[in-house]
2 protein chains.
Amino acid sequence: MTKAHGFHQHDHAACISDALTTAEAYCAARKLQFTPVRRRTLEVLLAHHRTMGAYEVLGHLDASGFGAQPPVAYRALDFLVKHGFAHKVEAMNAYVACSHSGAQHVPAFLICRQCSTVQEAQIEPMQNGLGDAANDAGFAIERAVVEAQGLCPSCQQSAPE
Amino acid sequence: MTKAHGFHQHDHAACISDALTTAEAYCAARKLQFTPVRRRTLEVLLAHHRTMGAYEVLGHLDASGFGAQPPVAYRALDFLVKHGFAHKVEAMNAYVACSHSGAQHVPAFLICRQCSTVQEAQIEPMQNGLGDAANDAGFAIERAVVEAQGLCPSCQQSAPE
DNA sequence: GAATTATATGTAATGATATAACATATCAAG
DNA sequence: CTTGATATGTTATATCATTACATATAATTC
């Protein structure tokens with residue numbers, strides 16, 4: 001089975017199991033607890049393959065027999081984000097599975113304002129002008145949020161305006 | 001009187017009145033209504049010179065005799081953001097007056113996680129790696145959010161960890 | 001300059017996102 | 001196997017944001 005990945009097609013089932021395997025290995029190596037809720041949360045994000053609100057994720061966790069209260073979802077999502085298995089798209093207050101599991105990177109997103117599809121890109125941390133500004137100011141960057149909003153290829157055709 | 005501007009000092013009173021004058025002229029030229037609420041909202045953001053939540057702004061508007069309900073603040077803030085007089089810092093769900101009034105630019109922010117001071121920098125839209133990724137994907141960027149989180153110079157001293 | 005339309009404001013109600021606090025359970029280390 | 005650290009579940013609440021609709025003001029047209 002294939003499904004849209006960013007704005008392309010790909011083998012969705014393999015991508016899910018690969019990401020889970022990678023996360024499992026990463027956690028095992030660092031003695032992190034890849035618990036059932038956390039695993040299920042990542043599965044949910046991977047399966048949907050788009051940004052999801054915390055409450056939408058929570059609905060799936062509840063349906064899977066986990067707790068039904070917000071902290072259940074927020075804690076699992078925080079764990080995934082902290083360890084790089086997922087990202088928070090700040091401009092949407094939503095979460096998405098990482099497309100480059102395990103790799104250390106500065107995530108950047110191309111967010112379609114029409115269909116809400118999000119493609120994750122990678123950028124060079126210090127090559128974006130921000131690094132220079134930070135150096136000039138003596139600011140120590142710990143984390144960067146880079147998000148572009150606009151129209152994806154298919155929405156440019158359906159709504160070129 | 002001087003006050004911190006980003007992580008530097010500057011003439012605060014002049015910076016406020018300059019920004020107001022600029023906004024006034026900009027609106028006059030485009031037949032935009034720079035109404036009392038909108039003007040007051042910009043004044044509040046300029047005076048505080050840091051990010052403010054919509055409800056914090058609303059408190060000041062209420063105290064100034066304007067409405068006390070959320071839409072009063074959100075509508076004024078939306079207007080200011082739409083026309084570039086202020087920006088929304090997505091990672092904080094907060095607003096800040098623009099430091100480069102009138103100029104067309106991609107705003108970038110250095111946000112201190114300790115003291116919440118925000119310095120606005122400018123970056124080149126297409127020089128940050130994101131432009132390449134967008135071109136490759138056929139994605140049409142309309143707006144970009146670039147936000148770095150970390151420690152400002154003074155907080156690096158007080159909490160170097 | 002009165003009628004008409006568009007834009008802006010005020011308010012009530014509600015929706016959406018997120019966290020604090022605390023009890024219980026499970027895991028990891030000595 | 002006990003102790004301390006980590007994770008989960010639940011209640012309650014805090015924070016951020018919008019919808020809907022009434023009223024008021026401004027701009028446009030006749």
Side-chain angles (χ1 to χ4, degrees), chain A residues 23-24 27-42 44-45 51-83 85-96 113 116 145 147, chain B residues 23-24 27-42 44-45 51-83 85-96 111 113 116 145 147 149:
Chain A
E24 215 162 60
C27 288
R30 284 171 178 73
K31 298 194 196 290
L32 300 171
Q33 300 184 46
F34 195 50
T35 61
V37 213
R38 291 169 176 177
R39 183 190 183 91
R40 182 79 192 107
T41 302
L42 183 52
V44 167
L45 287 178
T51 55
M52 300 179 72
Y55 279 71
E56 188 184 2
V57 171
L58 180 59
H60 288 275
L61 295 178
D62 185 16
S64 302
F66 299 101
Q69 305 307 319
V72 171
Y74 281 103
R75 287 193 288 231
L77 289 167
D78 286 348
F79 173 87
L80 296 178
V81 168
K82 180 175 180 183
H83 297 291
F85 305 131
H87 300 295
K88 181 172 187 181
V89 179
E90 297 287 353
M92 300 176 77
N93 292 319
Y95 300 83
V96 67
R113 68 164 155 82
S116 295
V145 172
E147 301 173 3
Chain B
E24 216 161 60
C27 288
R30 284 172 178 71
K31 297 194 197 290
L32 300 171
Q33 300 183 45
F34 195 51
T35 62
V37 212
R38 291 168 176 176
R39 183 190 183 89
R40 182 77 192 110
T41 302
L42 182 54
V44 167
L45 288 178
T51 55
M52 299 179 73
Y55 278 69
E56 188 183 3
V57 171
L58 179 60
H60 288 274
L61 295 178
D62 185 16
S64 302
F66 297 101
Q69 305 306 318
V72 171
Y74 282 103
R75 287 192 288 230
L77 289 166
D78 286 349
F79 173 87
L80 297 178
V81 168
K82 181 175 179 183
H83 297 290
F85 305 132
H87 300 294
K88 180 172 188 185
V89 180
E90 297 286 353
M92 300 176 78
N93 291 320
Y95 300 82
V96 67
I111 307 164
R113 68 164 156 83
S116 295
V145 171
E147 300 173 3
Q149 292 167 282

Quiz item: Could you state the CG-P distance from B:Leu77 to D:dC16, rounded to the nearest angstrom?
Solution: 12 Å
Practice problem: Could you tell me whether the phosphate oxygens of D:dC16, OP1 or OP2, come under 4.0 Å of any side-chain nitrogen or oxygen in B:Lys88? | Solution: no
Quiz item: What integer distance in Å separates B:Tyr74:OH from C:dA16:P?
Solution: 14 Å
Quiz prompt | Interatomic distance where CZ belongs to A:Phe79 and C1' belongs to D:dT8 [whole Å] | solution = 14 Å
Quiz item: Within the pair A:Lys31 and D:dA5, is there a side-chain N or O less than 4.0 Å away from OP1 or OP2?
Solution: no
Quiz item: Base, sugar-phosphate alone, or nothing: which one does A:Gln33 contact when heavy atoms must sit under 4.0 Å apart?
Solution: sugar-phosphate
Quiz item: How far apart are the C-alpha atoms of B:Arg75 and B:Phe79, what are their side-chain angles, what is the distance that settles it, and do they pass the side chain to side chain contact (heavy atoms under 4.5 Å, CB included) test?
Solution: CA-CA 6 Å; B:Arg75 287 192 288 230; B:Phe79 173 87; over 6 Å; no
Quiz prompt | Stepwise side chain to side chain contact (heavy atoms under 4.5 Å, CB included) check, B:Cys27 with B:Arg38 | solution = CA-CA 11 Å; B:Cys27 288; B:Arg38 291 168 176 176; over 6 Å; no
Quiz item: Which whole-number value in Å describes the distance from B:Asp62 CG to C:dT11 P?
Solution: 9 Å
Quiz prompt | Stepwise side chain to side chain contact (heavy atoms under 4.5 Å, CB included) test for A:Tyr74 and A:Tyr55 | solution = CA-CA 9 Å; A:Tyr74 281 103; A:Tyr55 279 71; 3.6 Å; yes
Exercise. Without swapping roles, check the side chain of B:Glu147 against the backbone of B:Glu90 for a donor-acceptor pair under 3.5 Å.
Key: yes
Quiz item: Expressed in angstrom and rounded to an integer, what is the separation of A:Asn93 atom CG from D:dT15 atom C1'?
Solution: 11 Å
Quiz prompt | Residue closer to the 5' end of DNA chain C, B:Pro70 versus B:Leu32 (nearest nucleotide) | solution = B:Leu32
Quiz item: Hey, is B:Tyr55 doing a stacking thing with D:dC16, by the 5.5 Å centroid and 30° angle criteria?
Solution: yes
Quiz item: Is there a side chain to side chain contact (heavy atoms under 4.5 Å, CB included) between B:Lys88 and B:Val96 once you walk through the steps?
Solution: CA-CA 6 Å; B:Lys88 180 172 188 185; B:Val96 67; over 6 Å; no
Self-check item: d(CZ, A:Phe66; C1', D:dT10) in whole Å
Solution: 16 Å
Exercise. Using a heavy-atom cut-off of under 4.0 Å over every strand shown, decide if A:Arg75 touches base, sugar-phosphate, or nothing.
Key: base
Quiz item: Between A:Thr35 and C:dT26, is there a side-chain N or O to OP1/OP2 distance below 4.0 Å?
Solution: no
Self-check item: Spacing between B:Leu58 atom CG and C:dA12 atom P, to the nearest angstrom
Solution: 13 Å
Exercise. Can you tell me the distance, in whole Å, between the CE atom of B:Met52 and the C1' atom of D:dA17?
Key: 17 Å
